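Treat the numbers as computed from the prediction; the structure is a model and nothing was measured. Below, read A as the first sequence line, B as the second, and so on, with proteins coming before strands; counting in each chain starts at 1. We use all heavy atoms of the structure for the numbers below, so side chains are in, but hydrogens, waters and symmetry mates are not.
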2 protein chains.
Amino acid sequence: MEKEITIYDLAKILALSPATVSRALNDHPAINAKTKVLIAEKAAELGYRSNTFASHLRTRKTNTLGVIVPRLNSNFMSTVLAGMEEVANNVGYNLLISQSLESEVKERANAKTMFNSRVDGLLVSVAYDTYSFGHFSTFISRNIPVLFFDRILTHPQCGAVIIDNEQAGYDATRHLLDQGCRRIMHVTGDLRRNVYGDRLEGFKRALAGQNLSLDNRLILSTDLSQEAGRAVAEQIDQMQEKPDGLFIANDLCAAICMQALKEKGYAIPGDVAIVGFNNDPVSQVVSPQLTTIFYPGYQMGKTAMTTMIGQLNGTRPIDHSEPIILRSELIIRRSSILLEKS
Amino acid sequence: MEKEITIYDLAKILALSPATVSRALNDHPAINAKTKVLIAEKAAELGYRSNTFASHLRTRKTNTLGVIVPRLNSNFMSTVLAGMEEVANNVGYNLLISQSLESEVKERANAKTMFNSRVDGLLVSVAYDTYSFGHFSTFISRNIPVLFFDRILTHPQCGAVIIDNEQAGYDATRHLLDQGCRRIMHVTGDLRRNVYGDRLEGFKRALAGQNLSLDNRLILSTDLSQEAGRAVAEQIDQMQEKPDGLFIANDLCAAICMQALKEKGYAIPGDVAIVGFNNDPVSQVVSPQLTTIFYPGYQMGKTAMTTMIGQLNGTRPIDHSEPIILRSELIIRRSSILLEKS
DNA sequence: GTGAAAGCGCTAACAT
DNA sequence: ATGTTAGCGCTTTCAC
């Protein structure tokens with residue numbers, strides 16, 4: 001068990017003051033370049049490591065940012081986190097990551113832990129059933145910035161990074177319409193959640209653009225689980241007037257639904273054309289491959305983190321009136337192609 | 001911006017000493033139960049939160065554990081993390097999570113960050129190409145416990161939690177043999193990595209059990225990526241003596257390979273029976289559904305964390321001579337069923 | 001059962 | 001360019 005080296009040890013050995021050592025280690029401009037080198041070398045030689053707790057205690061900053069996500073195990077979320085990590089690492093921030101497992105109760109507990117760990121800022125994509133803002137207002141009242149991404153809560157003091165879900169919903173629906181579908185069913189999540197509500201708006205706009213009326217029986221609000229995918233297939237099988245197009249706001253759910261439909265004898269895309277959402281790996285593995293919306297996860301993570309850090313540095317003017325919107329993209333695959341390109 | 005309450009504030013208000021407040025808050029036995037209640041109530045009322053940095057500075061414990069995983073975006077890994085989180089939360093530990101993105105270089109950087117953050121312990125599943133132990137020996141020399149899980153490095157001072165990969169490899173292969181396969185190809189990862197090396201051993205044992213000779217051309221060491229899956233299909237298509245069974249050590253890779261084979265006109269399982277590994281969601285989405293090995297992720301996370309915390313508490317006798325082995329299980333699906341059950 | 005006081009390692013006025 | 005000093009908020013030994 002080696003003894004921990006402190007700046008006092010370094011100071012004594014080099015016949016300098018602890019203050020000088022501290023400044024040198026922090027690259028303070030007032031310190032002579034040669035002394036800096038001297039100190040850095042000695043520090044390295046003795047295996048010195050800064051005691052972050054003493055430092056945090058003094059500076060009242062932790063250099064740690066909290067991230068709360070619904071689940072880690074989605075291709076999207078872990079890509080977002082990779083993007084966040086890259087940016088954070090580069091400027092010396094650590095990440096405290098936790099998952100709410102889609103439950104507001106757990107999210108609340110996570111937020112509390114983050115608060116007690118004194119994160120400098122908090123990045124959140126909210127759980128499926130989160131509607132109260134209460135567990136975040138403690139942060140706001142202590143001036144700790146909170147930034148939402150993807151699944152956002154709208155609050156005047158919080159930034160947000162999202163894709164244009166309305167446009168994505170429009171693109172997906174419009175594509176089905178262009179393929180000749182006239183009776184499109186939309187399977188989505190809780191409509192109070194921005195990602196689902198906005199996609200529905202896009203869905204409606206696309207229908208309206210073709211002067212198609214909206215049939216509310218064709219809008220299904222589910223939990224987008226695998227079971228929901230199976231249930232949707234069952235429901236379609238029971239329907240009198242069956243849909244000829246299916247826009248499902250989640251790839252895994254869509255893939256399962258497609259599979260169930262195939263088992264019931266439906267041809268995809270012949271009987272039902274399908275579009276999913278997220279560009280999850282499953283979308284490439286099902287047959288036929290699933291048309292979907294590409295979600296720029298890495299970019300979203302980087303943007304969110306850059307925004308957060310800019311806000312912490314005070315370098316970036318903060319405008320929370322408008323969310324930052326990233327570009328998403330329709331990826332057309334076999335599950336929805338009814339017309340050969342001319 | 002509210003002012004931060006300290007134990008000094010509480011002490012002054014209640015006309016007690018900071019020492020008493022501190023002890024009460026930490027549930028010290030010597031403190032009168034009534035004073036404890038009094039202090040707890042006041043603390044809650046004023047929104048007091050312990051300054052962990054001051055505390056950590058004093059106690060030289062951080063109550064934070066580091067976790068390094070290859071990638072967050074696998075169903076397996078995020079399930080492991082959920083298990084870890086549950087246990088850690090219950091006993092008041094925080095988790096600092098980072099991903100190595102399968103690179104030893106990044107893993108090394110992560111480890112350094114963890115070290116500088118003074119984690120009390122480190123849990124690691126190593127990257128695809130990690131072979132040196134160097135970046136962990138700093139922890140060992142400072143008596144910070146390091147525990148490996150799933151992808152392990154064998155070291156006398158480090159614990160390990162794994163599944164019995166040899167047995168799983170045996171089960172998978174044996175199943176294919178039982179279905180009548182006689183020429184089984186095994187697609188795997190870097191054989192120096194325990195998870196892949198051990199599975200190969202099981203593969204060999206199963207073949208030997210049927211007195212089948214081992215054909216080294218049927219053992220493919222790849223990176224198990226989606227591209228690898230396609231490449232394997234291509235290779236099989238070119239082979240003179242084609243395999244009748246395929247054991248691929250990763251579900252996504254197996255699914256992609258299956259898809260590519262189907263496109264080339266091969267019947268699955270008729271021409272080639274396939275077994276994957278991990279019970280990833282994709283295994284249920286491909287058609288035919290993929291036979292695979294169930295990996296007990298949640299359990300592994302809980303076990304690893306419990307072991308780590310036991311070691312930190314000194315409550316659990318530490319025996320690093322043997323890894324902890326969890327039970328895995330063959331899940332038989334349509335991709336490998338050649339014989340109807342009699 | 002409670003208090004006094006020292007010190008964990010660092011940083012930032014304020015000096016020089 | 002470098003040094004002196006105080007204090008961040010907590011825990012803990014030693015008193016009483």
Side-chain angles (χ1 to χ4, degrees), chain A residues 1-40 42-43 46-64 92 94 115-120 142, chain B residues 1-40 42-43 46-64 92 94 115-120 142:
Chain A
M1 182 76 155
E2 301 165 22
K3 188 199 165 296
E4 205 69 58
I5 304 288
T6 73
I7 52 168
Y8 288 94
D9 299 324
L10 291 174
K12 191 171 292 174
I13 293 169
L14 296 167
L16 288 167
S17 78
T20 304
V21 175
S22 170
R23 285 191 268 248
L25 257 16
N26 289 303
D27 207 20
H28 188 107
I31 301 292
N32 188 304
K34 287 172 184 164
T35 357
K36 277 185 191 168
V37 173
L38 207 69
I39 291 174
K42 206 63 184 176
L46 299 182
Y48 166 81
R49 56 174 176 167
S50 165
N51 186 320
T52 52
F53 302 107
S55 168
H56 294 162
L57 181 58
R58 248 330 290 240
T59 59
R60 295 144 169 292
K61 281 201 55 188
T62 65
N63 268 352
T64 299
N94 290 330
F115 186 68
N116 288 331
S117 307
R118 307 201 177 211
V119 294
D120 291 339
R142 280 220 164 71
Chain B
M1 182 76 157
E2 302 165 20
K3 190 198 162 293
E4 205 68 58
I5 304 287
T6 73
I7 52 169
Y8 287 93
D9 299 324
L10 291 174
K12 192 170 295 175
I13 292 169
L14 296 167
L16 288 168
S17 76
T20 303
V21 175
S22 170
R23 283 192 269 247
L25 259 14
N26 288 304
D27 207 19
H28 188 108
I31 301 293
N32 188 305
K34 287 171 186 167
T35 5
K36 276 185 192 169
V37 172
L38 207 69
I39 292 173
K42 205 64 183 176
L46 299 181
Y48 166 81
R49 53 174 179 166
S50 164
N51 186 320
T52 53
F53 302 108
S55 167
H56 294 163
L57 179 58
R58 253 320 299 236
T59 60
R60 294 144 170 293
K61 281 202 58 188
T62 66
N63 268 353
T64 300
N94 290 329
F115 186 67
N116 288 332
S117 307
R118 306 198 179 215
V119 294
D120 291 339
R142 280 220 163 71

Self-check item: Segment of DNA chain C, first to last nucleotide, that comes within the 4.0 Å heavy-atom reach of chain A
Solution: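 It runs C/dG9 to C/dA13.
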Quiz item: Of B/Tyr48 and B/Arg23, whose closest DNA chain D nucleotide lies nearer the 5' terminus?
Solution: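 The residue closer to the strand's 5' end, by nearest nucleotide, is B/Tyr48.
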Shortest non-hydrogen contact from [X] toward [Y]:
{"X": "B/Ser17", "Y": "B/Ala11", "result": "C-CB, 3.7 Å"}
{"X": "B/Ala54", "Y": "A/Leu57", "result": "CB-CD1, 3.7 Å"}
{"X": "B/Ala24", "Y": "B/Ile39", "result": "CB-CD1, 3.5 Å"}
{"X": "B/Ile7", "Y": "B/Ser22", "result": "CD1-CB, 4.2 Å"}

Exercise. Name the first nucleotide and the last nucleotide along DNA chain D (5' to 3') that come under 4.0 Å of a heavy atom in chain B.
Key: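 Both ends considered, the range comes out as D/dG9 to D/dT13.
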Quiz item: Taking DNA chain D as the partner, which of residues 9-22 of chain B come within under 4.0 angstrom of it by heavy atom?
Solution: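 B/Ala19, B/Ser22, in order of number.
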Exercise. Between B/Arg118 and B/Arg58, name the one whose nearest nucleotide on DNA chain C is closer to the 5' end.
Key: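 Between the two, 5'-proximity favours B/Arg58.
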Quiz item: Applying the side chain to side chain contact (heavy atoms under 4.5 Å, CB included) test to B/Phe53, which of A/His56, A/Arg58, A/Arg60 qualifies?
Solution: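 Of all the options given, the one that passes is A/His56.
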Exercise. Kindly write out the residues that satisfy ring-ring contact (aromatic ring centres under 6.0 Å, His included) with A/Tyr48, not counting sequence neighbours, or none if the list is empty.
Key: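 Expected list: none.
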Quiz item: Will you find, in the side chains of A/Thr52 and A/Asn63, an N or O donor that is under 3.5 Å from an N or O acceptor?
Solution: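 Side chains of A/Thr52 and A/Asn63: no pair found under 3.5 Å.
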Practice problem: For B/Phe53, answer base if it contacts any base atom (sugar-phosphate contacts may also be present), sugar-phosphate if it contacts only those atoms, and nothing otherwise; contact means non-hydrogen atoms under 4.0 Å. | Solution: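 No contact.
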Exercise. Give every residue pair that meets the salt bridge (charged side-chain N to carboxylate O under 4.0 Å, His left out) criterion with at least one member in residues 13-36 of chain A, sequence neighbours excluded.
Key: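 As it turns out, the salt bridge (charged side-chain N to carboxylate O under 4.0 Å, His left out) pairs with a partner in residues 13-36 of chain A, which skip direct neighbours, are A/Asp27-A/Lys36.
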Self-check item: Nearest-0.5 Å distance, CG of residue A/Leu10 to OG1 of residue A/Thr20
Solution: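 Answer rounded to 0.5 Å: 12.0 Å.
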Quiz prompt | Gap between atom CD1 of B/Ile5 and atom CG of B/Asn51 - 0.5 Å precision | solution =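 So the CG of B/Asn51 and the CD1 of B/Ile5 are separated by 13.0 Å.
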Self-check item: Other residues, nucleotides, ligands: >12 heavy atoms within 6.0 Å of B/Lys61 NZ
Solution: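 Yes, enclosed.
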Exercise. Using the six-membered ring of A/Phe115, assess whether NZ or CZ of B/Arg49 lies under 6.0 Å from its centre and within 45 degrees of the ring axis.
Key: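 Judged by the rule, B/Arg49 and A/Phe115 form a cation-pi pair.
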Practice problem: Decide side chain to side chain contact (heavy atoms under 4.5 Å, CB included) for A/Leu25 and A/Ser50; before the verdict, give the C-alpha distance in whole Å, the side-chain angles of both, and the deciding distance to 0.1 Å. | Solution: CA-CA 9 Å; A/Leu25 257 16; A/Ser50 165; over 6 Å; no
Self-check item: Sorted by number, the residues of residues 24-37 of chain A with heavy-atom contact under 4.0 Å to DNA chain C
Solution: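 Nucleic-acid contacts, sorted: A/Asn26.
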